Every structure is written in structure tokens, then in C-alpha cells.
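Below is one structure, written out as C-alpha cells; comments come after it.
Below, read A as the first sequence line, B as the second, and so on, with proteins coming before strands; counting in each chain starts at 1. Predicted model, so just to flag it, every value in this text is computed and none were measured.
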Amino acid sequence: MSTLGVLGHLSKLETQARKRKEAPPQQSGLEELKATVEALVIQRDQLKAEIKANESVQKLRSEDPDQSTGGGEELGEGADGSDGSVNSQLLQLMARHAQLTDLLHAHHLIGGYDIIKTCQGNGLCVSLATSYEGVYLERYSLEIDVAPKLRITRHDVPTFVPLARLAEQGGALQTNLRGFLGSLSRHLNGYAGRKQQLKLVKEQHKSVEVMESNAPCSILILLMTVPQVKDIAVLCKLDYTDHTHCLPEEVTIQSEDKDLLETTQWKNNCTLLKETPLHKALATLIQSGDIK
Amino acid sequence: MDRHTSVARTPVSSVVVQRRSKSHRLSYRSNVGTMSHLGYTPGFSKRRLTTSRLAPKHSRITEVNPEQLALLVREWQLSYVTPLYRFRHGQLKSYSRQLAAFMVSEQQQGVAAEVGLESALKVSFTLVAGMAQTEEEANTVFIQIHSKPPFSAPDDPQKLLWSGWLTSVGGNPDYLRSLPEDFVCLPLFCSGGTEGLTALVKAWFQQTFDCCFGPLEINSVNLQWLAALWTDCHARSSIKQLKLVWSLPAEPPLEVTYTVHPQDAWELWRSIRQPGERGGEEEEDGSVGLEEVACFIKGLKSHFYRHFRVELSAGRLTQVSTALGSAKHGGRLKISNSSYMITTLTLLTECALLKMPI
Amino acid sequence: MDDLKRRLLQRIIRTMPTQMLKTTLSKWARLNIEQQESLDFTQPKFLLTDQLLALCGESGLGVKHITELEMIYIIDNPNQRLWHAYQLLEAGDDAHSVEVTNFKEQFKVHLTELIRHVSIKIKKHTDEAVWIRIAWGDRSSRPNHLKPTYVVHHLQTPYVFVTNLTSKTMPLLSQALVMATRYSSMKDANLSGRNLSAVRDLLMKQFQQVFPSKHLQPLGKKNQINSNPQIEREQDEQSETRLQIACEAFGGGTLPELQKAIYTLETKLKDNTNKIMTEREQPFRCVVTFKSTNILESLRHSAMTGIASTPVTPMLSSISQKGRNHFLITDKGPGPQRKL
Amino acid sequence: MSLLRPLSKLPDLNAANVLLVENEEHFQQKLADVMVNEKSVIVQVRLAKSLPLPMKQEKSRPRIDLVVFIVNLMSELSLHSAEASLKHLAPGYFLGKVCFMVTNARNASVPAERMEAVRKLASALNCPLLFAEDQTPDGVTNAAERLLVILRVAAGCVPMTTALFLSNLTRCTISTEAEQQNSDYDA
């Protein structure tokens, strides 16, 4: 080995590597194709089975509409009355699953609102849930009279939500209940989100002082401190003009130190505040040391 | 069953009366009735309740003398008093002195320290004429307690500390006649002033005349009757408004004040009184039937229920007031107008007689 | 001026319990610690007033500062007054962007334009409310600090709560408020009560409302007594329904404290047994007042126990659902919505 | 809206069922708590605000041996409600299986007329009228004891006697005018 020298050794390795690459191309190609065929066959069989299963599920569901609407207390004891094998039980389960998925889909179609009949069918009670970042928050309800025309009789929606305006807009309540509920829900979710953010800010960032806030949480003024040689106070006003949103449309920053606000860093910070939920934005600012 | 629990010094023989009056019997019975746990006691269960009372003719209303006017001034707290033993209307002057002396001595014992008797007291007993309705009935006695500040000039006005009166108006003559000779019956006691002073006066009466005081409530039937009586008067003397107050047993307690326009109240009352059996001239008879009263109140209640769907009858009537007077369930009474003063007092005399334990 | 100072201070101190006085003074922070400690709170109040007055003189504090003290006290103890609610109508496009400094400025400008002799103090309280103290004067006289009007407003909400307002000053306040908040008018909301937060909660719907639901909520204390198997309540279901209906009508949980509800009825008396009155043309005029330490709770309890029949009439449920306690009811109008 | 019948069901062994009807639903619970402690028979207490009882429980409901109407004299509604409920009892009950229990009779603000109305009602229906004190534990116990005496008889747990027989002795009566006069002079 030592006689060949380093270069010799390298060239030898090179040829070896080349040989290894070139030698089995034909063979492996064939194997690959074979594998593909096999996979496709399996897939075909699976699809076939699925089709069959689906067909039988459909059959099951159409055969037994009572069960499909009435909730499945008697799963397994098949409508087919067949062998009772694992397979048929599975089919039953699948049928039930498909049905529930459909229900869920329908629920989503009507907007995910809980609606129940009241007053012997003369009224509706709609309940709208709000959530923010996957956390369920307050639930708001509306009671609506159906006859002679739709009319909101009672609700617990906060006063600053323009409920009457939303209901009147293009006769939304009469003609487009879903649309009305949708826009109401956006307002409520917007409010819930802003309120939740404010709550989180107050909990998580004690160093940031909330100077001012209002009932709809649509105007926030925060006092932040920028740690420099001498602490600089920065007043940050967040204006949520669109009440359906959880992010501010406008962020204005004031400070005695005008130069500070001109820096790109603070301009970026402004954009950050506009684009990220407040508590997260503040966390980032604190982490980066821009504020205390 | 002991009937004489309240009377300590009175000779027993003089209390057992052969002929007890109806109203007298009534009070006795209602107590017996509630005491036995099975309410079937046959002898006692028959009772006669007054179904209508006469309101006097207007002619009598006008004759109000200045002494009687003193009775109109303020709101009085009502009590009943059992017959006074050896009370003499001729000795009022001496009673004035005795009561004043009694109060001073009580004060010295420290009992009345808080009632503000630092200054000299002047007690006066006076007669109020024209209240008694029959020969047998005793005259009304009016008592005033004035204070004289220690350093005041003789002609300085004296401060009225307390006033009160004992009366009997239209008491059942049978009952009055049946009383033994030494007893004077003035069953209705009205007091106005601090509770401490009232208690002192009562104590003196108890000691001196061997009598017994007790609170006199005005129950809802009587309150309703007064409401109707006053409403009836509206045509002659404006009642301004008819105000009824109910207290309902909700939690927290709910008080409902029902104020009716006088004209409308009066028209409702007339509409109930008009039907059939009453002729035109009888309209003047002035009697106020309990059935009519019940009907009147029922009308008011049903109007209320139609709007609020709240059962006033679940609670109780606690107060009735008009410009002519006001009466509260707890036994407070104010008569602001001389019309029907006698009638009102007749009712209260009857109530007091009914309430008496003997 | 000194006399006014004295009378103002006297009045504040008279109404305030001594314990409260201590904390209020420290909140006020116009006197330094030594001065505060030198005060002897055990002495009679008139002596205390003298001492305070002397201290004020020492620190050069005037009427302005004393009104500040009053304001602090009132903000902390609003429930000794009768508050009336007003509603702002038709929000302008920029109504939602009004913030405190802006509002303060505008309100002062507009009100002083309307009336020259007026003293205004505005303070933002921690609960987001803006408190305004107005001492009114007229053309010739200086502002009367002994009868100030207090106004409470939560920005971006259409409600204003006012105490001690006369009909003379009402239009002035209304105009200044409408302009400062960018609304177009203000009307009486027909609601008043001694408890400010109750009046506010009622209008802003900040109390627990109960709605019909598929799953019966665990409302209050039901069934807790029915433990003995030998005792059975036959009508449990009915009483639960009554409970649900009562809560739907008046709200669940602790309810806002209202002391009164007043109905002026001008409706015909209809009574099957009384032909004369039923045929009468004129309405039967009466005023019905419900009074309690908390009428909503009293009424809910009445509906639960059956004193008030169920379903509850809109006349009563309007108190919580419309946030009103003054009603005028006539036969012609569409029921309880009629304005007073 | 069916009548409640006294004999439509078979009795349970050594059991007595009482139905307490009270508009205010206040005193009945206190009474029930005491009554179920009875050792000699198994007492089942059923509580109602008014009659009729809901149809739903018709099947599960045992035979009711005694119906007690509790009337609070302070409230007119209480009396009216009891009067209205009476219509939903089959006539057979009035042969000794109904009784009235009155509270607050001592209260000064009770109009004598109302007491009189209750008395008349009880005597017209030949039912016993009991007075009870609902404010004190002793009063409740006493009232419960009295009810139990009647209940045991009504349920047939006392040999040699019947509800009808007992009610003849205990029913409320109002004497006539003549008797009144006589008794007056007897006293």
C-alpha cells in the first residue's frame, strides 16, 4: 500500500467506485419495476377492497336509515344479519363513522352553531362559541323568534358589538342567517381574541404597563421601557380598527428619543406588532432585548 | 283555661261576667280555637263576624271641635287596653301630677335615663268631648307631656315630648253595660313619641289602674275596609290617591306599591256598589259591606295580575293610605281629615275589644 | 373661598366613615406622610375638619384639590347616590377611535363653550371608566361645588351614567357628551338605581344570562335536599321547569342589585265580573312599584316559588332583558317598549 | 287530569303513604323529614305543591292512604290553592283520608275571616282540622306525631279501627246558632 503512494491509492479507490456504480444498473432497474408492480397490485387490491367495503357501507346505510340517524346503540348486530364476522362488524363501524363524519360536515355547513328549537318550534336559540388559539372562550347566545319574521328577542352579546347593524345589513337576519351569524361570530371572535391577548399580556409581561384599554379592547396603549444607558420610555398605541380582527391595523410609537424610533430595528418591531399576536410580539421584543 | 292571666290585682269576682257581649266573646273564642289542636270544639266554633259597618251620615262629620283636631295631627301607634279599674274622669288633674311624679322617680332610678328627661316635665290630662257615641261610653282622654328647659323664660314655648290618648268610639253597648261598676273601658290607646316614654306611660297606667296593654295590629281585612271607606269618600273630599302596599314573601322580600288614580278608584268602587239591591236613596246609607270590599280589592288585584301575573294574595296587605289618612298593618294610624274619623275609630275600637284577652 | 373650602371639606368628612377617610387621604396624596400621621382620627369630626383645613392651608391646597378628594371618595363609593342611565344614539364613523385624552379635551372644550361658569374634572378610573365631575354655575354665579354632577362613561359603549343632574343642565351635558363621543344624540334609558355597577352590568349585559339549552344546566341548588328515598317530590319536574324559566327571564347566578321598578299603567280594566268598568272608555290609571333590596332576585324567587306565574310576562322580564326599570304601559302602544 | 283515587291500588305490607300538599312547599319538607323516622310502619311521604299529580308517575305511585292539605293562614293564596286542589281528589278520600293542617293561626295579622273560611271548608268536607306550629322543631315534631296517628289508622295499620270511624270523632264541625246560644249559657 505504501508503495503506491497517496495519489495511486486515490485513483485505485476511484476505479473501484466507478466499477461499483456501473456494474448492476440493468439488474436493479428490473427489480425496481418489479417492486412497483407489486406495490401497484397491492394498491389495486386495497382499492378494490375499499370499493367493496364502501359499497357495502353505503348499502348498510341506505338499508337502515333509522339506525344511521338514530345513533348507534346496536353496533355490530348487523343490519345484514350476516355472519357476524369481524369484517361485518368493521363495516358497521365504518358506516357509523362515515355517518358521523357527515353529521360533522353538516354541522360545519351550518356554521358550527348550536341551534335548538324553543317555544314549541316558534323560536330558535343559537349559541356561538368563541375561541382563540385553540382555547375555547365565552359562549354567546341569541334567542330568535321565527314568526312572523325573524326577530332577535334576547341575547347576551356585549353592547359594543353592533348587533342591530349586522342584523339589518342587507336584511341579513331575514335572508341570510348564516351570513349574519358568520359576521357576528367574527366580531365575537375578534373581541374574544383581543381580550385574551390583553389578558395574556397582563399575565406574562408584568414589565409592560397597560396604560389604557377600552371595553371592546380595540384601543390599547402600552408603556414599554427600552433598556439603554438610561431607560427610555416608549409609548405604543395599538388601534384595532376592524373589530373582527385580532391584530391591530395601526401601530404608533412615541418616545422622547426620536432617533430610536427611526432605527430599522424599531420599524421592524412595529411590523412585528402588527403581524403577530401582542403577547407573542412582546415576548420576542423582550427576548431580543429591545424592551425590558 | 285561665282567663285572667293578665289581671293581677283585680278582684276575681268582678271579672266573671254573666252576659258577655258578642264581640267580646269573639276575641276569647278565637284564642281558644287556636289553642286546641283539633279545631272542632263545637261550642266555640260558631262565630259571627261583622259583615258590614255603618259609616255615619255626613252631618256628624262636620262637628269637629278643636280638641279633636289634636288627634288628627300625627301618626299614632295603636295598642289595646283592658278596662281601667277605678279610673275617674274627675281626677284628671291629680293623674297629671301622679304621672309626672312617676316619670321623675323612674328617671331617678335610671330607667329613663335615655329618654331625655333632664328638664322639668309637665303632664296634662284633658278630656276630648264629643267622641263617645252612647251614654255608656266613657269620654276620651288626651295626655300630653311637655318639657320645660331648665333656663327658659316662662313664656317660652314648651317642647311637646309625647302625646297619646285613650278612647272608645262606638264600643259594643252590651259589653259596656256588662262591665262591673268600677271599670272604665277605653280600649283603644294611641301613642306618639319615643318608645321609652310610651313604655313609661303604659307602666304607670298598669300600676295605677290595673290594666294591661297589648299591640293592636290592623289585619288585612280591616285595612281593605278602610281603603274602601276612604275611597267612598272621594266624591266629597278628594283622596288624592289610593295607595295600597303589599309585602310578598320572596327572597329578598318584595314590596309592591299599588297607587291608583282617585277618580278611577272611586269609579271602580261605585261600579261594585251599584248592582241591584241598592236603591238610589240607599246610596246615602254609607254602610260599607265586607263583601263589597272584597270585591273591590279583587278587582284591583285581578287588574294587577293581568299585567304582572304575580299573585298579590300570596303576600299580605301591609299599608293603605289616602289623603284622608293612612293605616299600617303594624298598628300605625294617621287620620288626616276629620271625615270618617269617627267611623275609623269605631272600627279600631271594635278591633281593640276583639283583641283583648279577657 | 375659605368658607367654601370649609363647607366642602365638612361635607366630605361628614359622609365618610373614619376608616375610609384614612385610606382616601393616603390615596389623595396631597398631604405628606407626616401631615397624614399627625391627624387624630379619634377626635370628633368637626375637630378633625378643622385640623385638616389647617393642614390644607399649610400645604396651600385649594378648592380644586378638595374636589379631587371628593372625587376619589365618590369613585370608591359610588353606591350612595342614585344613578340614572342615558343612552347615546347613532354612533358616528369615528366614534370607535375616541380615546381618553381626546375625549377629555373635546368634552371640556364643548362644555365650556356652552356655559362659561363651569368647573370640570375628568379622571380615568382603573376599570376603564371615565369619571367626570361637573360643578355648575350659571350666567352670573360661580360653579356650585356643593352640588356637583357626576358622570361615568365607558368609552366605545353607548351608555352614560349620571347622578345629581337637573333638567336645566341636562341638555348642556347631553350636547357636550354627544360631541365628545361622536354620537348624534342622547336619550333617557329609563333605568336608575343606587348601585352603579348593577346599572352598568344590566345595560352592558354583564350578568349571567340563561338560555334554553339541550343539556339542562346545573342551575343553583336543585335536588340537594331530596336524599331520603322515603320522601318523593311529585312535582320535581315542574319546579325545575319553573327554575329554568325564572332564570331565563331574570338571569342566573348573582343578579345586579336594583332597588325599584316602576310601571305607570294606563290600560283598560278588563274584568269579566265587572261590566261597568270593562265598558268604560277611559283607561284605569295606576302606578305600580316593586321594591326590594334586589328586585331581580326577588322576582326570580317569586317565579321559582310560583308567586309569579310562569311563563313570566315580558313586563317583568324586560327589566333584565331590556335593562329598564321605568315603564309606561298603554293599550295602544306595542306593550312595554313604550317610552316614558 | 285524573282524579286521585283511594282504593285503585293494592296496599303494601306494613306501609303507609301520605301525600302532603302545600302551595308554599316549605313546611312539608320539615314534616316529611320527621315523619319518615316512624318505626312502627314504613312511612312513604310524597310532596306536592298542588293537585293534580303528574300522570307520568301514575304507575310508580303507591296507594295514597292520607292526603294532607297544609294551609298557611298568612297567605290567601295558600287557601285558594288548597281549595282548587280538592277537586282532584276522588270522593272516597273524604271518608276519613283527608285532613287539613293550618299554620300561623296564632299570628295577629291573620284575619279571623280567613280562619273561619278554613273551618267551614273542613267541616263541610267532614275532615279533621289540625293546627301546627311550623317555626320550632318541637312544633314540627308535634304536628308530625298527630299526622302519624291519623295516617296509621288511614293506612289500616291499627287493628279494630278505620279511617271513617276515626274521622267521625275528629272531623271539624260548626255548630248551629241554637247550640251556640246554649253553650253560651252553659259557660
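- The contact between C/Arg280 and chain B is made entirely by side chain atoms (from C-beta outward), counting heavy-atom distances below 4.5 Å.
- With sequence neighbours excluded, the residues that form a ring-ring contact (aromatic ring centres under 6.0 Å, His included) with B/Tyr258 are B/Phe304.
- Residues C/Asn274 and B/Leu268 form a side-chain contact, since some pair of their non-hydrogen atoms from C-beta on lies under 4.5 Å apart.
- Under a 3.5 Å cut-off, the side chain of B/Ser247 and the backbone N or O of B/Arg316 do not form any donor-acceptor pair.
- Both tests pass for B/Arg74 against the ring of B/Trp76: distance under 6.0 Å to the centre and angle within 45° of the axis.
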Which side-chain N or O atoms in residues 303-312 of chain C pair as donor and acceptor under 3.5 Å with protein atoms at least two apart or in another chain?
from	atom 1	to	atom 2	distance (Å)
C/Thr305	OG1	C/His301	O	3.0
C/Thr305	OG1	C/Ser302	O	3.3
C/Ser309	OG	B/Tyr305	OH	2.5

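- Side chain of B/His307 to main chain of B/His303: a donor-acceptor pair is present (N/O by atom type, distance under 3.5 Å, no hydrogens or angles).
- Residue B/Pro253 touches chain C through its backbone alone, counting heavy-atom pairs closer than 4.5 Å.
- The pair B/Glu255-C/Lys291 counts as a salt bridge, with a side-chain nitrogen and a carboxylate oxygen less than 4.0 angstrom apart.
- Contact tally against chain C (heavy-atom pairs below 4.5 Å) for B/Val260, B/Leu312, B/Leu242, B/Leu254: the top residue is B/Leu254.
- By a heavy-atom distance cut of under 4.5 Å, not one residue of residues 317-329 of chain B is near chain C.
- For C/Phe161, there are no ring-ring contact (aromatic ring centres under 6.0 Å, His included) partners two or more places apart in sequence or in a different chain.
- Neither side chain, C/Gln244 nor C/Glu240, offers a donor N or O lying under 3.5 Å from an acceptor on the other.
- Of the listed residues (B/Ala250, B/Pro252, B/Ser302, B/Gly315), the greatest number of heavy-atom pairs within a distance under 4.5 Å of chain C belongs to B/Pro252.
- Heavy atoms of B/Leu244 lying under 4.5 Å from chain C are absent altogether.
- The neighbour count for C/Lys268 NZ, taken as heavy atoms of other residues, nucleotides or ligands under 6.0 Å away, is above 12.
- Within the 4.5 angstrom heavy-atom criterion, only side-chain atoms of C/Leu316, from C-beta onward, approach chain B.
- Using a 4.5 Å cut-off between heavy atoms, B/Lys243 does not touch chain C at all.
- Only the side chain of B/Ala314 has a heavy atom closer than 4.5 Å to any heavy atom of chain C.
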